[in-house]
Amino acid sequence: MRSLSPPPSPPGGLDVRNLTVTYGRSVRALHQVSLHAPEGGVVALLGANGAGKSTLLRAVSGTLPLRAGQVVEGMIRFGPDDLTGRSPAEVVAAGVVQVPEGRRVFSDLTVEENLRAGMLGGRRRRRAEADENLARVHELFPVLAERRRQAAGLLSGGEQQMLAMGRALMAGPRLMLLDEPSLGLAPRMTERIADVIRQIHERGTAVLVVEQNAALALELADHAYVLEVGRVRLSGPSEELSRTDEIRRLYLGEQPEGEDELSSSEPREPARWAG
Ligand SMILES: Nc1ncnc2c1ncn2[C@@H]1O[C@H](COP(=O)(O)OP(=O)(O)OP(=O)(O)O)[C@@H](O)[C@H]1O
Ligand SMILES: [Mg+2]
């Protein structure tokens with residue numbers, strides 16, 4: 001499969017070590033978090049609301065809120081590059097792009113203008129290279145070609161998610177950070193987004209995905225981390241994690257075998273995270 005013109009492959013992928021992030025004086029959102037996302041792999045980040053998942057992605061992409069958010073300890077490396085405290089543009093230039101929570105497309109710009117804006121934050125490119133990446137994004141998301149002249153604000157939620165992902169791909173990333181890509185989407189659209197994540201991975205881009213749909217995240221990822229109040233509570237190969245009682249009960253909404261049910265007649269709601 002063709003790749004989206006990635007820059008030369010840095011060895012080692014993303015390495016986050018002992019990362020501590022605070023907001024203002026009192027909120028410690030991450031405490032000594034270490035995580036590795038290998039080159040070309042898919043890693044999932046799970047955890048309840050407020051666990052620090054978005055904070056971790058934002059610390060990596062350099063988009064912590066100005067003044068309020070601060071990396072107070074630790075290190076973020078991507079291959080040979082030290083990304084700790086770098087600006088968003090520098091992080092994109094190093095090959096790491098983020099698709100933030102809530103998509104954030106430019107509603108008044110057309111679909112194509114949104115996509116081309118994805119090139120601006122990236123490395124300086126020739127026009128031919130931009131056209132080539134645009135063609136590949138259209139191949140991945142045909143709807144973005146069909147709607148190229150439409151205002152982005154008129155797209156459905158799922159289409160806006162595709163646009164946000166397409167825009168990130170325009171920079172030719174080696175690593176894509178995805179924050180809750182299926183949030184608020186119907187099951188069919190969620191499946192479509194999952195397919196695209198698989199294709200992005202097949203084309204050689206690594207993915208670090210925060211996902212409220214734990215079953216989907218564990219199916220997509222080779223490896224997963226569970227954050228709990230700013231700390232890594234569990235990590236391991238997805239297949240192993242999905243067999244642990246804790247994950248099955250809290251994140252997959254299952255009743256582990258051998259555990260007494262208080263009332264077997266009462267239907268159990270799967271444990272899901274609210275938006
Ligand atoms: N700008 C901010 N100022 C102050 N505190 C913040 C800010 N952003 C996040 N926090 C706090 O940091 C902690 C982690 O938030 P974060 O958004 O990273 O969680 P999350 O795991 O992404 O949650 P969710 O699943 O709800 O998206 C929370 O306690 C949150 O209230
Ligand atoms: Mg979040």
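Please read all numbers here as calculations on a predicted model, not as lab measurements. The figures here come from the full heavy-atom set of this structure, side chains too, leaving out hydrogens, waters and symmetry mates. Whatever order the structure lists them in is the order used to number ligands and atoms, beginning at 1.
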Heavy atoms only: which of [options] lies closest to [atom]?
atom                    : options                      : result
atom 17 (O) of ligand 1 : Gly24, Ser54, Gly50          : Ser54
atom 24 (P) of ligand 1 : Leu46, Val229, Asn49, Asp179 : Asn49
atom 25 (O) of ligand 1 : Lys53, Glu101, Arg67         : Lys53

request  = Give the atoms of ligand 1, by number and element, whose distance to some non-hydrogen atom of Thr55 is under 4.0 Å.
outcome  = 14 (C), 15 (O), 16 (P), 18 (O)
ask   = N/O/S of Thr55 less than 2.8 Å from the Mg ion (ligand 2)?
value = no
request  = Would you check whether Ala48 reaches within less than 4.0 Å of ligand 1, judged by its heavy atoms?
outcome  = yes
Gly47 touching ligand 1 at heavy-atom level, < 4.0 angstrom = no
Lys/Arg N to Asp/Glu carboxylate O, [X] vs [Y], below 4.0 Å:
X      : Y      : answer
Glu112 : Arg147 : no
Arg116 : Asp131 : yes
Glu202 : Arg198 : no
Arg203 : Glu139 : yes

For ligand 1, indicate whether the residue [X] contacts it via side chain, backbone, both or neither (heavy-atom separation under 4.0 Å).
X      : value
Arg58  : neither
Pro65  : side chain
Glu180 : side chain

Glu191, CD: over 12 other non-hydrogen atoms inside 6.0 angstrom = yes
query = Is there any N or O on Ala29 that sits under 3.5 Å from an N or O of ligand 1?
reply = no
Short N or O distance, Val27 and ligand 1, threshold 3.5 Å exclusive = no
query = Say you draw a straight line from CG of Asn114 to CZ of Arg104; how long is it, rounded to the nearest 0.5 Å?
reply = 13.5 Å
ask   = When you measure from the centre of the six-membered ring of Tyr23, is the NZ or CZ of Arg67 under 6.0 Å away and within 45° of the axis?
value = no
query = Do the side chain of Arg86 and the main chain of Asp82 share a donor and acceptor less than 3.5 angstrom apart?
reply = yes
